[in-house]
Amino acid sequence: MNLKRKDILNVREKILSEKYGKFDLIEQIFPDEELTKGPPRIVLQRIITALSLDPDAINKQTFYSWLRRYKQRKGATSYPEQKPNNEASEEWRSFKPSNIDSLKDQYKSIIQVVK
Amino acid sequence: MKTFYFNVQSKGGSGKSMLTYLQALKYEKDEKVAFVDLDSSTQTSTKQLHFLTEQEGSRLFSVDIFDSLKKIEREKLFDVLQAFNELSFNDIYIDFGAPESEQLPALFSLDFTVEEFKEFETELKARFVFNVVLSGGPGYTASFNYLKNLTEIAKGKFEIVIWLNEMTFQNYPLLIDECHEFAKKAKGYISKVLRFGDIHIDRNSGQIITENIRKGKGNSAYTAFTAKTIIKREIAKV
């Protein structure tokens, strides 16, 4: 695998940043086939070797969860595939449920009394 | 692999026990599926799933995770799961009471990390699925906030399924759309949105169903065509 040094450094920095979406760049340097086939621990080992990472730098469970979601994205999913976008993926955290009282007012205007 | 299904919601009256009842009806004859009432305050499932006790073998269990001072002892949950893991069931449905559900996020954020709970799942060679019940109407905001809190704490490490209690959303269809919108935005954290409980208690069928639930009756009690058909539809959903 012929990887550009700049790509490797970018991906490495992202993974070590401990920020949300740290594995998102991995698919830029690893083809789908390498990520979706083989046991997760082997995939992880390949990434650690390719990026010269300390084996303890990646939380295994976090990586396995990401890999599982990645594989699901590549296959059939319940929801339309969404382009990885840090802003969009954080949106749910600020989601606020509707206030039931304000909804009742909306329904009042829809209802008409039949005389 | 054994699967533990946690039916949870800290907002009381949301429909956790109804969901558990429907799941029990579905697996009434399956000896490899067990049901646990982890609700020491109301013990609703112990009453509603009484029909399971009429069979040979024990498939309905009641557990409390209170300490000697009647406070919930969160760590006891680990012992409970370990104990059930040693039994021969393939699937175990646990109906958490509202107070017990309320303590669950604290278990992952104060006592242990979610990564440690994940390790525990791996150690048991099991799978944990969180069935979070949402109710519409006055309980909506509180039940939604519980879901959001649990989703944040779980960090996508466990499957979370949203279960909409249709009976409570009957006058609020827009809220159903909102729940789907949230699940879409939280893709990767929320597995799917499912529905149950499309039962109209003002109708004869609804009254028969609620009466059978109250008396802890199984599938054989549903003889009236309308009630039987509705229950059949509900079982297909779970």
Side-chain angles (χ1 to χ4, degrees), chain A residues 18-24 26-27 35 39-41 44 56-111, chain B residues 11 113-123 127-128 134-162 168-194:
Chain A
E18 288 294 326
K19 283 183 185 163
Y20 183 85
K22 61 185 170 191
F23 298 123
D24 290 349
I26 284 178
E27 53 190 301
L35 293 176
R41 58 182 174 78
L44 178 58
D56 294 330
I58 296 180
N59 180 303
K60 286 192 185 84
Q61 294 304 334
T62 309
F63 175 78
Y64 294 156
S65 294
W66 173 85
L67 188 62
R68 193 172 55 248
R69 292 197 296 274
Y70 177 83
K71 285 179 181 177
Q72 280 173 355
R73 265 207 319 275
K74 294 297 167 187
T77 55
S78 304
Y79 295 96
E81 187 179 344
Q82 288 181 343
K83 212 170 168 185
N85 177 322
N86 279 351
E87 208 181 290
S89 57
E90 288 286 343
E91 224 178 305
W92 68 269
R93 292 177 194 273
S94 54
F95 198 100
K96 284 191 176 7
S98 291
N99 184 317
I100 205 84
D101 290 326
S102 65
L103 275 184
K104 278 181 189 167
D105 291 337
Q106 280 181 43
Y107 282 115
K108 269 185 196 161
S109 64
I110 294 165
I111 295 166
Chain B
K11 177 79 187 76
T113 64
V114 74
E115 287 81 9
E116 284 164 340
F117 199 58
K118 191 73 190 170
E119 257 177 55
F120 179 62
E121 183 196 48
T122 308
E123 220 175 85
R127 183 170 76 107
F128 297 158
L134 288 192
S135 60
Y140 176 69
T141 305
S143 66
F144 189 98
N145 285 333
Y146 177 80
L147 163 71
K148 198 159 157 252
N149 187 30
L150 190 66
T151 305
E152 279 173 5
I153 289 170
K155 297 181 191 174
K157 292 188 187 308
F158 295 101
E159 188 177 344
I160 293 180
V161 180
I162 296 176
T168 61
F169 280 93
Q170 277 165 6
N171 294 329
Y172 305 95
L174 292 178
L175 295 183
I176 294 180
D177 294 339
E178 188 171 280
C179 294
H180 279 282
E181 185 64 31
F182 174 75
K184 200 168 157 185
K185 287 183 158 70
K187 189 181 162 206
Y189 292 82
I190 302 286
S191 161
K192 51 192 161 191
V193 182
L194 298 173

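Predicted model, so just to flag it, every value in this text is computed and none were measured. Values below: all heavy atoms of this structure, side chains included; hydrogens, waters and symmetry mates excluded. Order of the sequence lines fixes the chain letters, A, B, ..., with proteins taken first and strands second; residue numbering starts at 1 for each chain.
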side-chain contact (heavy atoms from CB on, under 4.5 Å) assessment of B:Leu175 paired with A:Ser98: CA-CA 8 Å; B:Leu175 295 183; A:Ser98 291; 3.9 Å; yes

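- Looking at B:Lys118, the atoms closer than 4.5 Å to chain A (heavy atoms on both sides) all sit in the side chain, from C-beta outward.
- Residue pairs meeting the side chain to side chain donor-acceptor pair (under 3.5 Å) criterion with at least one partner in residues 143-156 of chain B, sequence neighbours excluded, are B:Glu115-B:Lys155.
- Considering only heavy atoms from C-beta on, B:Glu178 comes within 4.5 Å of A:Phe95 through its side chain.
- Looking only at side-chain heavy atoms (C-beta outward), A:Arg93 and B:Tyr189 come within less than 4.5 Å of each other.
- Counting heavy atoms from C-beta on, the side chains of B:Phe144 and A:Lys96 never come closer than 4.5 Å.
- The contact between B:Phe182 and chain A is made by backbone and side chain atoms together, counting heavy-atom distances below 4.5 Å.
- Partners of B:Phe169 under the ring-ring contact (aromatic ring centres under 6.0 Å, His included) rule, at least two apart in sequence or in another chain, do not exist in this structure.
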